[in-house]
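Being a predicted model, the structure only gives us computed values, none of them experimental.
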Amino acid sequence: MQVPSHGAAQPARHSVISPDAQRVIAIVGAGFSGTAVAIGLLRNPPDHATRIILIEPRAQIGAGVVYATRDYPYPLNVAAGQMSLDPDTPRDFLEFARLQGIHAAEGDYLPRQVYGDYLRARFEAARAAAPAHVSCVHQRATALQLRRAGGHWELWLDDGSALRADDVVLALGNAPPAGLRELAPIERSDRYVHDPWSIGASGEIDSVLLVGSGLTMIDAALRLAAIRPRVRHIHVLSRHGWLPLPQTAESRPARKPDVRAALDDARGSTRRLVHAFGTLIRAVEASGGDWREVLALARSQLPAQWQALDRHERARFLRHARALWDVHRHRAPSGPLAAVQSLARAGVLNVHAGRIESARLVEDAVEIQWRPRGAARSRAWLVDRVVNCTGPDGRTTNLVNPLVRSLLSGGLIRGDELSVGIDVAQDGRVIARDGNPVDRLYYVGPWLRARDWEATAVPELRVHAAALARRLAQTGARDAGHRERHATG
């Protein structure tokens, strides 16, 4: 068989790998979501012969973009006490950290690479304890194309091989930031940094523009502050110029409001939901509590509230309320945020509200023309680097990932109408271009935001991963029973 061309030369013929005697589950991506699904299958395995294949080009599973070992100890944005793989054992991650000599409390924000180590340790323990009829391997490769082959799937990989699977789980993780049209003239220059995690390798920097003011910007600013000689000017530009609000280190006693009733009364309307949250927050603060408690109590109800909004109301939320929601919901640990604010007080970092109008290379710098929010006239900066800190792009049609492009062109997946993810059925199956769920093709990861909105952090993703692992085990049990009945019939 001939592998479809994707730019790089591939061998002309390949064998399709799939032992007929066992079921094969292919998991594409071994960041948090893919690794969590594999752990779930290994801990509660199917009762028939099963081979799990984790397809991941990185040498380490469980790292992904977020938890990889880097030259700077980027902190987690979620407290250690909320990061265990299993919500029923909430201290599991803390206990792992303490065994590594890290004396952490539940409210501490540990380095992300420690969490990657934790995922790998739990994966290896689950693999070692799995029964003999269940195996799991890591295949270092990038998936290029997926297609049907009779009653199976065929995955074509960039190592020149193809594998046949009964079930495929897409666990692709966060997409890179969106390319900005105004920055197109400098995108191929080494003055532009599209991957904010690579900023430490950008050489000596005197002045820099960080586009975006959310959590990614916090990480980039901290990394820049660690570079020597020190960066003298850090400009931060976003539409509103809002920084994330801080996490809280301690909870204060307060009267618990009836969040469920208040949100149910507001169901179906963005305006009513925003008003309900405002009312709840004011009531909690008036009783001496912390406004963050309202969001914590509402968290489990957000998917149902999002699904109750029609397309018009969702678009209204994204247009008018998303920026305000993001700074409240996606908060920064108080330590990193205080460090960024210290840079601002020292005059090193300045946050601006506005938009970029143009960018061009000028000798050994970049000239940025930008317009402050509400201003009639543009301003200009000369900077050494421009770093894209706008966060993951939810528009699948923008991605150059060959597998995603193959899935879209083949109609196996479709982006949602508002470009925040892909359409996924309640049972985890992806929804095809024709509107029907695709049997035995699943998705788990941050693109679930299109369905649930609240679906990008470990406390939600671990639940989705565990549920999908159970579903896969049950599906396999039904298939095994069907094969046995067929053989004896």
Side-chain angles (χ1 to χ4, degrees), residues 29 31-34 36-37 40 64 66 77-78 82-83 85-87 169-175 214-215 259-260 262-264 266-270 272-274 276-277 294-319 321-326 328-331 391-396 404 413-432 435-438 441-472:
F32 173 82
S33 296
V37 171
V66 179
N77 291 319
V78 179
Q82 302 175 50
M83 289 291 286
L85 267 169
D86 185 350
V169 176
L170 304 172
L172 305 176
N174 275 316
L215 293 174
V259 172
R260 179 182 294 277
L263 295 186
D264 283 346
R267 184 182 293 262
S269 166
T270 294
R272 291 197 302 269
L273 284 170
V274 171
F277 272 107
V294 173
L295 297 188
L297 292 171
R299 192 164 177 169
S300 64
Q301 301 170 51
L302 294 176
Q305 294 296 333
W306 176 254
Q307 291 162 19
L309 298 175
D310 61 23
R311 184 188 184 283
H312 174 74
E313 288 296 330
R314 291 186 187 188
R316 173 178 286 182
F317 171 83
L318 295 173
R319 186 168 57 251
R322 180 176 186 173
L324 187 64
W325 174 264
D326 282 348
H328 286 80
R329 172 63 191 89
H330 301 290
R331 302 183 295 273
D393 188 0
R395 295 170 292 181
T396 54
V404 174
I413 65 171
R414 68 180 188 187
D416 74 294
E417 293 181 320
L418 297 174
S419 298
V420 295
I422 65 172
D423 287 332
V424 181
Q426 290 297 325
D427 63 1
R429 290 180 296 169
V430 301
I431 295 176
N436 293 312
V438 181
L441 179 58
Y442 304 89
Y443 174 81
V444 61
W447 280 346
L448 286 172
R449 167 170 271 185
R451 188 191 71 188
D452 296 343
W453 184 248
E454 186 67 27
T456 60
V458 165
E460 283 72 39
L461 289 176
R462 66 188 178 188
V463 175
H464 293 306
L468 180 53
R470 289 193 298 271
R471 190 171 296 118
L472 287 165

Exercise for the section: Let me see the working for F277 and L324 under side chain to side chain contact (heavy atoms under 4.5 Å, CB included), right down to the final yes or no. Expected result: CA-CA 12 Å; F277 272 107; L324 187 64; over 6 Å; no
Taking the side chain from [X] and the backbone from [Y], do they hold a donor-acceptor pair closer than 3.5 Å?
| X | Y | answer |
| --- | --- | --- |
| D452 | E454 | no |
| T456 | P446 | no |
| Q307 | R451 | yes |
| D416 | G421 | yes |
| R429 | N436 | no |

Practice task
Establish, yes or no, whether the cationic atom of R449 lies under 6.0 Å from the six-membered ring centre of W453 and within 45° of the ring axis.
Solution key: yes
Exercise for the section: Using a strict cut-off of less than 4.0 Å between a Lys/Arg side-chain nitrogen and an Asp/Glu carboxylate oxygen, indicate whether R322 and D326 qualify as a salt bridge. Expected result: yes
Heavy-atom closest pair, residues [X] and [Y]:
| X | Y | result |
| --- | --- | --- |
| A321 | V274 | CB-CG2, 4.2 Å |
| A315 | L418 | N-CD1, 3.7 Å |
| G268 | L309 | C-CD2, 3.5 Å |
| H464 | A455 | NE2-CB, 4.5 Å |
| L85 | P87 | O-CD, 3.7 Å |
| S33 | A465 | O-CB, 4.2 Å |

Exercise for the section: Please name all residues satisfying side chain to side chain contact (heavy atoms under 4.5 Å, CB included) with P459, sequence neighbours left out, ordered by chain then number. Expected result: R299, A457, R462
Completion exercise
R414 meets the side chain to side chain contact (heavy atoms under 4.5 Å, CB included) criterion, sequence neighbours left out, with D423, I431
Exercise for the section: Can you establish whether the number of heavy atoms outside R319 located under 6.0 Å from its atom CZ is more than 12? Expected result: yes
Practice task
Would you mind telling me which of V404, V444, I422 makes a side chain to side chain contact (heavy atoms under 4.5 Å, CB included) with L172?
Solution key: V404
Holding to side chain to side chain donor-acceptor pair (under 3.5 Å), I want the full list of residues that pass it with [X], two or more places apart in sequence or in another chain.
| X | answer |
| --- | --- |
| E417 | R311 |
| D264 | R267, Q305 |
| D393 | R395, N398 |

Do [X] and [Y] have side-chain heavy atoms sitting under 4.5 Å apart?
| X | Y | result |
| --- | --- | --- |
| L295 | R331 | yes |
| F32 | V458 | yes |
| L448 | Y443 | yes |
| W447 | V420 | no |
| D427 | L468 | no |

Exercise for the section: Name all residues meeting the ring pair (Phe, Tyr, Trp, His ring centres under 6.0 Å) criterion together with H328; count only those two or more places apart in sequence or in a different chain, and write none if there are none. Expected result: W291
Problem - Gap between atom CZ of R316 and atom CG of L273 - 0.5 Å precision - result: 11.5 Å
Handout entry: Interatomic distance, L441 atom CG to I413 atom CD1 [nearest 0.5 angstrom]
Key = 8.5 Å
